[in-house]
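Heads up, the thing below is written out as structure tokens.
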Amino acid sequence: WRTRKAIAMAVDWNTVIKGLYGEQASLTQTGVLSSDKNYAGDWYKYDPQGAKTLLQQAGYNFNHILKIYYYYKDQTSIDVMDAIAYYLGQIGVKCEAVYTSNPVGDVFEGRKHDLAYFGLSAYDNLSWYQMYLRENMNWMIPARDLFKDEVAKLEQAYTPKMVAAQLAVLQKMDRDNAFFLPVYTVNQQIWKSSKLSIPENTLGNFWFFFDYKFEEWEIK
């Protein structure tokens, strides 16, 4: 836990995300969007000396080369990886970012890495916390038994008050275990042509399946 938290604290995420994404991304540190009223707040901050102290307390081997797999080819993701390696280097952590075109084989089966950098599409609070229950995730972070009952309560919550209460519990578990280190969400932007008439409530997350109702679109 100390090592994972130290890695989170070692990177100046505000500078990285604002510098690379501008207004297109927002920082968050739990499985809930920072703009959500149920967001429990940040639980780590940029503190390189504190990060180094945590690593020392954890008995971290500073001769170890920390290997991070990533599987995105875009330049911004590459820049993020370079920034992570830079900041970790500032506290004496040797870091190697390795691109893989086979994330399933390398990340979930090969497991020759220390960390993996990945994004979750179709983002909502429930889909984030259901990741703890996935079989492939459980191979790397045996979290299913710990999280299954609390995630089930979120699945069964049917009032805003119940949802808020359970999200508070799960966000504390995020913080206490640090199995994942959420750092930012990409803000979705949609440009709509004035020449199109599109029914209301038909545009959603384009990384996920939903009904576009193309048959109801009209050209003005």
Side-chain angles (χ1 to χ4, degrees), residues 3-51 66-91 93 95-104 106-107 113-132 137 141 167 170-171 174-175 178-193 203-210 212:
T3 299
R4 296 192 292 272
K5 183 177 180 181
I7 291 170
M9 293 167 55
V11 180
D12 186 352
W13 292 108
N14 273 293
T15 297
V16 173
I17 302 309
K18 288 182 179 179
L20 295 177
Y21 286 99
E23 298 300 317
Q24 292 183 320
S26 300
L27 276 82
T28 189
Q29 296 184 4
T30 73
V32 178
L33 294 172
S34 57
S35 58
D36 192 308
K37 64 181 180 180
N38 292 317
Y39 182 58
D42 298 345
W43 63 270
Y44 60 82
K45 62 180 180 178
Y46 178 48
D47 182 1
Q49 186 54 52
L66 188 78
K67 182 177 288 187
I68 306 178
Y69 274 139
Y70 69 101
Y71 55 90
Y72 301 106
K73 288 185 175 181
D74 63 283
Q75 187 59 50
T76 303
S77 293
I78 294 172
D79 292 342
V80 170
M81 301 309 299
D82 288 343
I84 292 172
Y86 166 78
Y87 279 107
L88 290 176
Q90 294 299 297
I91 63 169
V93 173
C95 180
E96 180 183 7
V98 180
Y99 170 78
T100 174
S101 60
N102 181 26
V104 173
D106 287 338
V107 175
H113 64 298
D114 297 287
L115 296 172
Y117 174 79
F118 67 94
L120 173 65
S121 301
Y123 189 108
D124 61 24
N125 297 330
L126 181 58
S127 63
W128 169 271
Y129 287 108
Q130 286 174 331
M131 283 202 303
Y132 286 107
M137 291 294 185
I141 51 169
L167 285 177
L170 286 165
Q171 286 178 92
D174 272 339
R175 181 191 66 207
F179 288 131
F180 297 111
L181 298 175
V183 290
Y184 69 94
T185 55
V186 176
N187 301 325
Q188 181 170 274
Q189 298 179 348
I190 298 174
W191 285 267
K192 178 180 173 182
S193 172
L203 299 179
N205 187 342
F206 284 86
W207 290 98
F208 194 53
F209 297 105
F210 64 95
Y212 292 91

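Sequential numbering from 1 along the given sequence is applied to the chain's residues.
Interatomic distance, I68 CD1 to T100 OG1, rounded to the nearest 0.5 Å: 14.0 Å. How far CG of N38 is from CG of L170: 11.5 Å, rounded to the nearest 0.5 Å. Y44 contributes atom OH, which lies 11.0 Å from atom NZ of K5 (distance to the nearest 0.5 angstrom). The line from CD of Q90 to SG of C95 is 12.5 Å long, rounded to the nearest 0.5 Å. Note that CD of E96 is 5.5 Å distant from NZ of K67, once rounded to the nearest 0.5 Å. Here the CD atom belonging to Q29 is positioned 9.0 Å from the OG atom belonging to S34, to the nearest 0.5 angstrom.
Taking all atoms of both residues into account, the shortest heavy-atom contact from G31 to Y129 is N-OH, 3.4 Å. Minimum interatomic distance between Y21 and A25 (heavy atoms only, all atoms of both residues): CB-CB, 3.5 Å. The nearest pair of heavy atoms linking Y72 to G119 is OH-N, 2.7 Å.
The side chain to side chain donor-acceptor pair (under 3.5 Å) test applied to Y69 returns no partner, not counting sequence neighbours.
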In residues 7-17, what donor-acceptor pairs under 3.5 Å come from side-chain atoms, sequence neighbours left out?
| unit_1 | atom_1 | unit_2 | atom_2 | d |
| --- | --- | --- | --- | --- |
| D12 | OD1 | T15 | N | 3.3 |
| D12 | OD1 | T15 | OG1 | 3.4 |
| D12 | OD2 | T15 | OG1 | 2.7 |
| W13 | NE1 | A8 | O | 3.1 |

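A heavy-atom distance below 4.5 Å is not found between the side chains of Y39 and N125. Residues W43 and Q171 fail the side-chain proximity criterion, which asks for heavy atoms closer than 4.5 Å. Counting heavy atoms from C-beta outward, D47 and Q49 have side chains that approach closer than 4.5 Å. Taking the side chain as every heavy atom from C-beta outward, Y117 and L115 never approach each other to under 4.5 Å.
The backbone N or O of P48 lies less than 3.5 Å from no partner atom in the side chain of Y87, so there is not a single donor-acceptor pair.
Atom OH of Y86 has 12 or fewer heavy atoms from other residues, nucleotides or ligands within 6.0 Å.
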Tell me, with the steps shown, if L33 and S26 meet side chain to side chain contact (heavy atoms under 4.5 Å, CB included). CA-CA 8 Å; L33 294 172; S26 300; over 6 Å; no

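When each of D82, I84, I78 is tested with V80 by the rule side chain to side chain contact (heavy atoms under 4.5 Å, CB included), just one qualifies, namely I84.
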